[in-house]
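Below, chain A is the first sequence line, B the second, and so on; all start at residue 1.
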Number of protein chains: 2
Amino acid sequence: MLLEHIASPRDVKALDATALPQLCDEVRRAILENAAAVGGHLAPNLGVVELTVALHRVFDSPRDKIIFDVSHQSYAHKVLTGRAAAFTDPAHYGEVSGFSNPHESEHDFFSMGHTSTSISLACGLAKARDLAGERYNVVAVIGDGSLSGGLAFEGLDNAAVLNSGIVIVVNDNDQSIAENHGGIYGCLARLRTSGGTASNNIFRAMGFDYRYLEEGNDVDSLVEALEALRGIDHPVVLHVHTTKGAGYDPAERAPEVWHHVGSFDIESGRKHTLISGDVPEGTYADITGAHLLEAMKRDPRVVGVTAGMPYVMGFTQERRAQAGQQFVDVGIAEEHAVTMAAGMAAGGMKPYVAIYSTFLERSFDQMLVDVCRNSLPVTFLIDRAGLVGADGSTHQGVYDLSYLRLMPNMIVAAPRDVRDLKKLLSLSAEISEPMAIRYPKDGDDMGPGIQSQRDFRVGEWELLSSGGDVMIFAVGRMVQFAMQASIELMGKGLSAGVVDARFVKPMDEKMLVEQAKRVRLAVMVEENALAGGFGEGAIRVLEENGVATDVMALGVPDRFIGHGTIAEQLAECELDAYGIARRILARWKEREGRADA
Amino acid sequence: MLLEHIASPRDVKALDATALPQLCDEVRRAILENAAAVGGHLAPNLGVVELTVALHRVFDSPRDKIIFDVSHQSYAHKVLTGRAAAFTDPAHYGEVSGFSNPHESEHDFFSMGHTSTSISLACGLAKARDLAGERYNVVAVIGDGSLSGGLAFEGLDNAAVLNSGIVIVVNDNDQSIAENHGGIYGCLARLRTSGGTASNNIFRAMGFDYRYLEEGNDVDSLVEALEALRGIDHPVVLHVHTTKGAGYDPAERAPEVWHHVGSFDIESGRKHTLISGDVPEGTYADITGAHLLEAMKRDPRVVGVTAGMPYVMGFTQERRAQAGQQFVDVGIAEEHAVTMAAGMAAGGMKPYVAIYSTFLERSFDQMLVDVCRNSLPVTFLIDRAGLVGADGSTHQGVYDLSYLRLMPNMIVAAPRDVRDLKKLLSLSAEISEPMAIRYPKDGDDMGPGIQSQRDFRVGEWELLSSGGDVMIFAVGRMVQFAMQASIELMGKGLSAGVVDARFVKPMDEKMLVEQAKRVRLAVMVEENALAGGFGEGAIRVLEENGVATDVMALGVPDRFIGHGTIAEQLAECELDAYGIARRILARWKEREGRADA
């Protein structure tokens with residue numbers, strides 16, 4: 001095993017050149033076995049094994065800076081930079097995160113996870129280098145799928161005029177998470193088929209020196225191509241044609257469904273759990289997809305819009321085919337997805353934009369100015385709201401209630417279970433304002449809650465149980481935990497009721513005030529940052545109404561929550577049933593103490 | 001006068017073709033005289049007079065949809081669509097806003113004001129048209145300066161593969177607000193000098209049909225070129241070379257300083273008040289520029305970053321020249337500006353990113369993930385925070401306290417006057433976390449406040465005056481109004497003190513709790529949306545600390561505030577001294593009423 005002797009990139013450079021293919025094989029095998037056991041972003045990582053080995057052969061990390069876009073394809077980089085055990089030794093599986101992380105290694109320069117940032121980060125490093133009078137190499141590695149993001153273009157546009165050395169490796173596997181969408185992909189295809197010589201080259205158009213390498217999975221060719229760029233004094237694009245899923249047949253044949261996988265059997269290619277390309281039945285995403293497809297059939301104005309992730313809205317290939325022109329995938333371009341939806345709504349359509357909570361942050365301004373300022377009937381379907389588990393701090397969906405609540409005209413709702421999701425989706429068809437529906441990853445895996453008895457109107461909450469001492473106002477998934485907490489509290493002699501505060505905006509101010517007045521402590525619980533969230537808003541309403549009841553707000557604290565299971569993260573934030581009960585009890589005792597004093 | 005007979009685009013079409021140049025002259029004269037009297041975006045509008053006349057000659061608005069990017073260049077469009085009086089008759093000056101507005105005319109399809117949205121909006125309209133089986137034309141008109149925005153690229157990328165008719169007119173005057181920055185401008189320049197024939201055409205690279213017109217200020221040529229595009233069934237880019245400021249010598253010669261002007265004398269070109277290209281002495285921007293330039297001289301790590309608007313940070317051409325490599329203008333590309341700054345900070349620099357509050361919304365995700373997640377020492381200088389006057393609802397800077405406060409690791413400060421701005425700028429040099437300093441448009445035009453006595457630490461507030469009944473905790477410019485309100489209240493027999501809550505994050509929780517406990521009503525005042533703002537956060541802190549004092553939060557209500565003077569907008573929001581005093585008094589009486597009951 002060569003890998004046993006690779007503790008840092010220095011060891012890659014010390015190898016005989018003839019040993020590099022074997023090193024690549026070992027790295028690929030480690031990634032494959034690790035993913036088969038614990039899952040991960042498989043296909044993107046298999047595709048860049050040779051590129052990563054070549055980068056560390058040619059460049060001198062950490063003095064030279066190599067920035068992997070999104071960094072979901074940095075497993076080989078992790079293997080070569082002192083973290084091989086996390087891939088080769090089952091006892092250490094899971095010890096590294098799935099993304100670049102400066103706390104893990106001096107070879108990781110940024111905590112990353114959102115797309116299309118690498119070129120801008122590289123521009124910043126290059127500028128810092130030049131101002132400091134230093135001379136290291138700066139390399140951004142970006143996949144073709146990430147190129148459609150506006151930030152990548154802004155970065156390219158600026159990198160082209162840096163007047164200094166910067167290397168941008170375009171890792172072109174002709175594949176985004178799902179299909180690629182956009183005019184730039186025609187250009188890349190023409191460059192691939194012409195061996196880089198096609199006219200109207202977008203990179204040359206912007207002023208880049210441009211090189212093309214067809215053999216993107218041949219380590220020797222890569223080393224040669226990269227060596228020519230070491231120490232370069234101007235902006236250059238190296239366009240490399242790689243194969244997504246390279247070296248593992250099932251992934252090469254179906255890269256979309258092998259983009260991000262759970263565990264699987266290597267020999268048979270049989271997956272134990274599916275992640276990408278799959279919409280498990282009964283999840284929020286599946287319910288959404290089924291509902292939307294039905295709505296499309298009934299109403300030709302209904303359009304589904306996604307930014308490169310059709311599964312977010314439960315749109316499997318089959319549902320996409322059925323939806324036809326009523327389904328639009330704009331590729332990784334969250335800003336455009338939202339502003340285009342505003343245009344569609346102004347043109348008489350009823351668009352539904354489905355984006356993960358964390359990625360919808362990219363469209364903050366577009367939601368506020370283009371949709372809400374024009375009060376257009378765009379509905380946002382926000383998946384992975386709340387704590388998301390393994391993807392960790394860059395993917396937590398714990399800000400949307402805050403950033404949506406400040407937008408005039410926006411209705412903000414969170415169903416407590418998939419049944420209420422259906423009701424909210426039905427409701428959305430009837431309203432003509434912007435609306436956001438946020439729901440957690442997966443389905444009702446925490447067990448079913450109490451079924452709501454009837455349909456509800458915008459802004460209407462639901463009293464689930466009464467309590468003499470405490471009333472808990474909970475949002476979304478927190479309703480279930482609040483119910484459990486109330487049982488827990490009963491055992492401690494405290495009578496706590498629960499209200500499902502399913503509309504964070506507008507709030508059911510009447511119910512909020514009435515129910516808070518009846519108790520001695522009103523508790524707001526949300527799976528969102530405390531700052532600017534539901535709790536703060538509800539407390540202000542109580543204060544404006546002169547309600548003297550003590551209040552407290554529970555939510556995600558003001559720090560980034562790292563990777564782990566959702567259950568671990570909920571516990572860390574004291575947002576599981578025990579945490580909620582414990583916090584309420586502590587506050588209650590504090591109250592009693594004050595009352596005694 | 002032809003203009004007297006132009007009530008709608010139909011009248012433009014009814015004119016004899018030979019009359020079009022005269023119509024253009026009259027429209028230009030109207031725009032010039034109006035701007036000379038009341039100011040406005042002069043140079044961009046002068047450049048598109050012929051283009052606008054030609055568009056309304058050829059296309060059939062409002063059936064055909066013409067979308068002007070940003071819409072600051074839509075004066076000629078307004079003149080031709082029933083709003084001529086607002087430009088020709090001094091009695092009606094100021095009756096229309098400076099941007100596209102559906103409430104003004106059926107020919108305005110969106111309320112706009114932020115850059116680079118037109119192509120995405122046009123894509124949405126085209127998609128809606130196709131789904132509805134209709135056949136109208138959709139035209140986006142976008143300036144070269146707006147093309148560097150990532151959203152414009154996302155829109156182009158998607159428009160290119162629409163498989164349907166869409167016309168994108170690139171209005172190329174070789175000029176952003178200041179200089180253009182980016183590789184795309186080299187491409188545009190090569191296309192201009194080659195009459196559109198240069199190789200490596202970025203639009204053709206993306207798959208567009210492409211046409212070039214050199215005579216962008218010749219109405220007959222424009223009509224001919226546009227007529228060829230009417231009813232087109234595929235995506236096309238018409239690249240038109242116009243002259244910014246066309247037809248008015250001073251503006252042609254110095255389009256940067258004539259981009260946005262106050263009133264001026266047409267004959268002499270002497271300006272009465274300056275707006276763009278000018279940094280009036282003593283304004284927040286001027287103080288910032290002077291301070292930053294000094295800091296750059298002392299510390300080679302200090303870098304100023306702007307997204308196309310150097311004046312935001314007081315960087316006149318002279319200061320830019322002095323700053324040299326330590327000043328970076330990335331062009332209109334707010335996302336890149338922030339992520340590049342993260343890269344610079346990781347590379348050891350101390351970047352200052354200066355962007356208007358409303359445009360910084362574009363960088364929400366980049367601030368959160370790239371800067372705050374990595375806890376990098378990037379300082380944000382946020383001009384035009386609060387109510388901004390004439391630019392109206394799309395430009396109000398009233399959300400930043402909310403969107404910044406939710407970001408872990410971010411320090412959020414607001415100086416009450418320019419003296420405190422200097423202190424905050426000095427303080428920023430010493431800290432290694434992300435920091436945001438927000439300040440209002442213009443300078444201390446509301447009169448000087450009380451001078452703070454000494455330097456302060458991060459999170460430290462200042463007690464300005466004590467009060468027995470009420471304590472007002474005010475942020476930024478509101479401190480002055482709170483002081484005035486306290487005098488007003490004294491006359492009504494109410495004793496109100498004032499605290500300068502200059503750090504919205506972290507808060508001075510000790511002072512907040514102590515001072516709130518001493519009174520019967522604690523009032524939070526901010527020039528920011530109530531939702532998620534300072535007030536809600538402060539109230540939560542008081543509740544967490546068991547403070548029983550009554551509280552209220554004053555801020556911008558949950559609706560969009562339209563154009564007017566800043567004073568009018570403050571009065572509308574009840575955030576002037578009278579409004580603050582009135583609200584406090586009303587609440588006080590309500591309290592007394594409850595106490596009596």
NZ/NE/NH1/NH2 to OD/OE distance under 4.0 Å, [X] and [Y]:
X: A/Arg540; Y: A/Glu544; value: yes
X: B/Asp558; Y: A/Lys505; value: yes
X: B/Arg362; Y: B/Glu335; value: no

Side chain, backbone, both or neither: which part of [X] has an atom under 4.5 Å from a heavy atom of chain A?
X: B/Asn374; value: side chain
X: B/Met112; value: neither
X: B/Arg129; value: neither
X: B/Pro102; value: side chain
X: B/Leu156; value: neither
X: B/Arg190; value: side chain
X: B/Ile561; value: neither

Exercise. Is a donor on one side and an acceptor on the other found under 3.5 Å between the side chain of B/Ser148 and the backbone of B/Gly331?
Worked result: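 Such a contact is absent between B/Ser148 side chain and B/Gly331 backbone.
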Exercise. So which of A/Thr339, A/Val551, A/Ile539 has the largest heavy-atom pair count under 4.5 angstrom toward chain B?
Worked result: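 Of A/Thr339, A/Val551, A/Ile539, A/Thr339 has the most heavy-atom pairs under 4.5 Å with chain B.
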Problem set entry | For chain A, the option from B/Ala198, B/Ala122, B/Gly150, B/Cys372 that forms the most heavy-atom pairs under 4.5 Å |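 Highest number of heavy-atom pairs under 4.5 Å: B/Gly150.
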Exercise. Any idea which of B/Phe208, B/Phe153, B/Tyr399 has the most non-hydrogen atom pairs under 4.5 angstrom with chain A?
Worked result: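 Of the candidates given, the most pairs with chain A belong to B/Phe153.
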Can you tell which part of [X] gets under 4.5 Å to a heavy atom of chain B, answering side chain, backbone, both or neither?
X: A/Leu542; answer: neither
X: A/Val138; answer: neither
X: A/Thr358; answer: backbone
X: A/Ala341; answer: neither
X: A/Arg405; answer: both
X: A/Glu134; answer: neither
X: A/Ile67; answer: neither
X: A/Ala160; answer: side chain

For this session: Can you see which heavy atom on A/Ala337 is nearest to which on A/Ala307, and at what distance?
Result: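 Scanning both residues completely, I find the closest heavy atoms to be CB-CB, 4.3 Å.
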Exercise. Are the aromatic ring centres of B/Phe364 and A/Tyr403 under 6.0 angstrom apart?
Worked result: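 Here the rings of A/Tyr403 and B/Phe364 have centres that are less than 6.0 Å from each other.
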